[in-house]
Q: 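Here it is: the structure, laid out below.
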Amino acid sequence: MKNTEKMRNMKVIIASGNAGKIKEYRDILEPLGWEVISRHEAGIDADPEETGTTFEENALIKARAIHDLAHTCVIADDSGLQVKALGNEPGIYSARYKGLTDEHARRMAVLQGLEGAADREAQFVCCICFMEENGAHHLFTGIWNGTVAMKEEGENGFGYDPIFISEDSGGKTTASLPITFKEQYSHRAKAVRLLLEYLQNQ
Ligand code: ITT
């Protein structure tokens with residue numbers, strides 16, 4: 001089978017419990033003909049502990065845990081916001097920053113941490129671990145540079161989108177822009193593009 005044909009018939013489980021991430025993978029991959037199945041839809045309720053110290057390690061942990069149960073192609077995603085003036089925090093702890101369970105509270109913690117800071121530089125990082133049916137894995141990382149806004153703005157997206165202003169957004173927070181903007185420019189879109197390039201060249 002030709003690669004282009006194979007690429008149109010991919011079936012993959014997204015090893016994530018994050019509805020925002022899963023939606024973004026669907027929005028990018030389904031128009032390409034991929035069958036995108038969430039962990040939940042696959043009937044898997046494993047939520048592996050993220051014991052790694054890097055995005056790459058955690059992405060691999062998540063991919064392997066789901067692959068061990070499903071034995072099929074898996075995409076796992078470890079991602080987060082690194083804020084320079086906060087020593088690159090929240091980073092790999094973005095989903096549990098300061099032990100806070102609420103997304104709004106975590107955004108406020110970042111904004112408070114930056115009170116009075118001149119440097120609001122930040123970047124979103126997304127590491128994808130693509131695990132093949134045979135268990136071989138490949139890592140792809142996308143980075144999206146920007147700054148942290150002075151306050152929350154916008155309703156779209158998830159997580160830190162209401163406080164992230166990417167360098168290519170004309171000064172608007174990601175959450176204020178149409179969803180299609182992220183599909184094209186985000187850290188996740190960049191990592192997916194690297195994955196697609198890899199598959200295309202196999
Ligand atoms: P899974 O591990 O089940 O995939 P999670 O939300 O716990 O879900 P991570 O450990 O990778 O995933 O944490 C990622 C966090 O980083 C996420 O919860 C958001 O707070 C933030 N984040 C990542 N990508 C983001 C994006 O595109 N927009 C806004 N926030 C994002």
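Each ligand, and each atom within it, is numbered from 1 in the order the structure gives.
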Q: In this structure, is the centre-to-centre distance between the rings of Tyr198 and His138 below 6.0 Å?
A: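 Yes - the distance between ring centres of His138 and Tyr198 falls below the 6.0 Å cut-off.
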Q: Using distance alone, with no hydrogens and no angle criterion, decide if Arg188 and Ser79 have a side-chain donor and acceptor under 3.5 Å apart.
A: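 Judged by distance alone, the side chains do pair up.
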Q: State which residue, out of Val36, Leu29, Ile66, fulfils the side chain to side chain contact (heavy atoms under 4.5 Å, CB included) condition with Ile75.
A: Leu29
Q: With a 4.0 Å heavy-atom cut-off, what residues sit around ligand 1?
A: Ser16, Gly17, Asn18, Lys21, Glu50, Lys62, Asp77, Asp78, Ser79, Gly80, Ser94, Ala95, Phe124, Phe158, Gly159, Tyr160, Asp161, Lys182, His187, Arg188
Q: Apart from Val83 itself, what residues make up its hydrophobic cluster, given side-chain heavy atom links below 4.5 Å?
A: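 Grouped by the 4.5 Å side-chain rule, Leu81, Leu86, Tyr97, Met108, Val110, Leu111, Leu114, Phe124, Trp144, Val148, Tyr160, Ile163, Phe164, Leu177, Phe181, Tyr185 form the rest of the cluster around Val83.
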Q: Is a salt bridge present between Asp27 and Lys182, judged by a nitrogen-to-oxygen distance below 4.0 Å?
A: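 Looking at Lys182 together with Asp27, the answer is no, because their closest N to O distance does not fall below 4.0 Å.
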Q: Quick check on side-chain hydrogen bond (donor to acceptor under 3.5 Å, both in side chains): which of Glu49, Glu57, Glu50 does Lys62 satisfy it with?
A: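 Exactly one pass, corresponding to Glu50.
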